[in-house]
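Data first, discussion second: the structure below is written as structure tokens.
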Amino acid sequence: MTDTLSKPPTYTADPAPQRAFYIFAAVFGLCAVAIASYFALAAYFLRTEAAQTPERAQFFASSIDDALTRLEHLPYVLSIDESTLGALVSGNTDEMNPILADIAERAGAEFVYVLDLNGKTVASSNYRDTDSLVGNYYTFRPYFRDAVAGGAGRFYAVGVTTGRPGYFIAEPVRDAEGTIHGVVTVKIGFNDLSRALSGNGELVLVADEQGVVLASSDPDLIYGYMSPLSDGNRRTLEEQQQFGNETLFPLDWVPESERRARLYGTAYVWTKANLEEENWSLHLLSEVRNSRRQALLYVAGGLMTLLLLTVAASVYRAAQLRNALAISNADRQRLTREIEERRIAEKKLESARTELAQKEQLAALGQLSASITHELGQPISAMRNYLVAEEIAANAGPNELWPRLSGLLDRMQRIVDQLRLFGRTSVSATTIFTVQDTVHAAVQLVQHTARDAGTDIILELPEGAVAVRGRPERFEQVIVNLLRNAIDATQGMDAAEVRLAMHQDTDSVVLSVADNGSGLGDLNIDDLSKPFFSTKPSGKGMGLGLAISGQIINEMHGALNARNAAHRGAVFEITLPKTGSADA
């Protein structure tokens with residue numbers, strides 16, 4: 001016997017862990033590339049921003065220089081004008097006010113005004129305003145002292161009178177011998193300058209030699225100082241009243257290097273430029289996070305592009321699968337629709353069967369009720385006649401001799417009346433009749449029942465005749481049924497009453513039968529109109545009255561509704577279309 005060697009089993013590695021490893025490696029590598037790209041791009045954009053900001057800073061500085069020197073010729077031209085000198089010498093300066101106002105408007109200056117040697121404003125372009133400068137003294141302003149000394153005055157200050165900041169340019173008014181008689185001053189508004197700076201989208205600060213911010217693209221930074229103020233500088237500012245009533249405050253300003261600074265914790269690329277006309281400096285600040293945000297957007301754009309390519313490949317790969325799933329879903333939806341349609345058809349068939357059974361039951365009951373009423377009507381009438389005859393012979397009142405037998409006869413009579421009402425048909429054609437007449441006839445039929453039950457019937461009918469179209473004898477059956485139901489509902493109640501009211505709308509007639517009985521509870525008109533449904537005790541009714549009444553009202557193209565009254569009881573309401581007069 002020869003032994004054979006079995007082949008050792010081979011093992012195949014599970015591909016799932018390998019796929020997970022590859023996916024993890026790809027995601028890790030992609031994240032590393034994205035982070036490295038972000039830092040490289042952020043450094044590049046910061047270098048680019050730092051290289052471009054000096055030119056922009058110098059441009060802003062030149063723009064401010066131009067704004068400060070735009071009107072520097074105007075005070076000199078006015079100072080050499082003979083009319084200015086003549087007004088100062090003669091003291092007749094009132095005539096200069098309208099002239100200065102016209103000059104200020106045409107030149108775009110905030111104020112143009114003339115001061116005498118005592119520093120008093122003798123004429124001003126805003127002489128009509130409530131904050132006119134006329135009569136105010138400005139001897140404490142450096143521009144006035146420089147001009148009186150014979151030079152040209154230049155000074156930034158917040159107006160003491162107006163509270164608005166501005167740049168003041170002053171020139172002395174001399175006569176032919178060079179004697180100074182006064183000073184002409186022009187004020188250039190600074191609010192417009194700050195608004196112009198705010199439109200460039202960058203943070204710009206204009207600071208004086210002490211580091212106080214005079215103008216800024218951010219209005220909240222104006223009057224903040226970038227470096228601490230010495231005691232001497234504070235005393236000088238108070239003497240000159242340079243900033244009026246404005247409060248100076250320290251800025252959270254931290255220079256980190258020549259090109260980097262932080263303001264209130266935000267890192268900026270910082271570029272400084274000096275103005276030529278004044279010993280002021282302009283600071284252009286570009287947020288570092290803008291460069292970082294730009295780098296982040298580039299990286300995000302690259303990742304989004306890669307993601308879109310991956311999604312496009314996945315979409316293309318899944319196209320055939322989606323087509324197969326679409327076909328399967330279509331078949332499933334078609335089957336679902338067929339099942340639902342069959343379920344609906346079965347429900348409709350069951351409802352039709354139930355309705356047909358009820359109609360057949362009602363038809364049979366109608367024939368049966370006609371036979372029963374015919375067979376029982378005469379015996380019940382004879383029995384009642386015998387009872388009445390015995391009561392007359394015994395000289396007794398109604399229902400006093402045989403009360404229990406009389407009650408049984410009344411109970412049998414009500415059953416026969418309901419059967420007669422159900423089985424009764426009329427072949428009479430519809431006609432136009434007066435509603436009030438039919439209502440009165442119905443009330444006469446139930447008046448005895450209401451009196452025995454201790455219920456008052458109250459009528460609220462309009463005086464004018466109201467006509468509707470229908471069969472008056474069948475409509476009378478409806479009113480009788482509603483009144484009897486209301487009387488039954490009020491038995492045993494204190495101050496029982498049934499109120500029958502009628503009113504007219506534009507094209508309809510509304511009758512309501514309201515009682516103060518026990519109400520409908522949770523029932524509605526649909527429940528009450530079902531055949532053989534009754535809330536009365538056994539023997540008190542067959543549950544056909546409202547079903548028949550609703551059918552009669554429908555034949556008259558009207559509607560029968562029921563609801564609980566606001567306080568107590570129930571309200572049954574009939575709405576019928578209005579027609580012409582009954583005489584028609």
Side-chain angles (χ1 to χ4, degrees), residues 351-352 354-370 414-415 417-428 430-431 433 435 438-439 441-443 445-446 466 468-489 498-503 505 507-515 517-536 540-565 569-579:
S351 177
T354 303
E355 184 178 354
L356 179 60
Q358 287 183 350
K359 289 183 177 180
E360 291 177 349
Q361 186 179 14
L362 289 174
L365 185 60
Q367 296 175 357
L368 180 62
S369 64
R414 282 195 298 270
I415 295 174
D417 289 343
Q418 282 204 339
L419 290 174
R420 182 182 295 113
L421 180 64
F422 179 72
R424 182 178 175 184
T425 58
S426 177
V427 296
S428 61
T430 60
T431 183
F433 63 91
V435 178
T438 307
V439 169
V443 171
L445 293 176
V446 300
V466 179
V468 297
R469 177 177 291 277
R471 297 174 179 176
E473 67 278 3
R474 290 176 63 82
F475 183 68
E476 181 181 326
Q477 295 177 21
V478 175
I479 303 300
V480 169
N481 181 65
L482 295 181
L483 289 175
R484 283 180 175 174
N485 288 343
I487 293 169
D488 291 341
V498 176
R499 186 178 301 271
L500 192 154
M502 183 176 69
H503 67 274
D505 292 336
D507 51 5
S508 62
V509 178
V510 180
L511 288 90
S512 62
V513 177
D515 62 71
S518 56
L520 303 178
D522 296 331
L523 301 176
N524 54 38
I525 189 64
D526 293 331
D527 299 326
L528 298 172
S529 299
K530 291 179 180 179
F532 310 109
F533 178 87
S534 177
T535 60
K536 299 177 182 179
K540 289 290 186 179
M542 298 179 64
L544 296 172
L546 287 177
I548 298 171
S549 297
Q551 181 179 357
I552 294 173
I553 297 301
N554 287 335
E555 291 174 357
M556 298 176 68
H557 305 289
L560 175 62
N561 295 297
R563 66 179 187 277
N564 285 309
V571 179
F572 286 81
E573 192 172 77
I574 301 172
T575 303
L576 296 173
K578 187 188 298 184
T579 184

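Only a predicted model underlies this, so the values are computations on that prediction, with no experimental measurement involved.
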Checking Ala514 now: which residues fulfil side-chain contact (heavy atoms from CB on, under 4.5 Å) with it, not counting sequence neighbours? Val571
Test side-chain contact (heavy atoms from CB on, under 4.5 Å), reference Val446, set Leu482, Val498, Leu483, output is Leu483
Would you give the length of the straight line joining atom CZ of Phe572 to atom CG of Leu560, rounded to the nearest 0.5 angstrom? 7.5 Å
Where Arg469 and Phe433 come nearest, the two heavy atoms and their spacing: C-CE2, 4.2 Å
Residues forming a side-chain contact (heavy atoms from CB on, under 4.5 Å) with His503, sequence neighbours excluded: Asp505, Val510
Any idea which heavy atoms bring Val480 and Ala442 closest together, and the distance? CG2-CB, 3.7 Å
Using every non-hydrogen atom in the two residues, find where Ser508 and Thr575 come nearest and quote the distance to one decimal. CB-CG2, 4.2 Å
Working to the nearest 0.5 Å, report the span between CG of Leu511 and CG of Leu576. 6.5 Å
Can you list everything that forms a side chain to side chain donor-acceptor pair (under 3.5 Å) with Arg499? Sequence neighbours excluded, please. Glu460, Glu497
Tell me, please, which residues at least two apart from Glu573 pass salt bridge (Lys or Arg N to Asp or Glu O under 4.0 Å). Arg563
Sidechain-backbone polar pair: Asn481 side chain, Gln477 backbone, donor-acceptor under 3.5 Å: no
Once rounded to the nearest 0.5 Å, what's the spacing between atom CD1 of Ile574 and atom CE of Met502? 11.0 Å
Test side-chain contact (heavy atoms from CB on, under 4.5 Å) applied to Gln551 - qualifying residues, sequence neighbours left out: Glu555
Which atoms form the tightest heavy-atom contact between Ala486 and Val513, and what is the distance? CB-CG1, 4.1 Å
With sequence neighbours excluded, tell me which residues meet side-chain contact (heavy atoms from CB on, under 4.5 Å) with Ala489. Asp515
Closest non-hydrogen atom pair, Ala441 against Glu476: CB-OE1, 4.0 Å
Distance-minimising heavy-atom pair for Phe475 and Ile552: N-CG2, 4.3 Å
Non-hydrogen side-chain atoms of Pro472 and Thr431 separated by less than 4.5 Å: yes
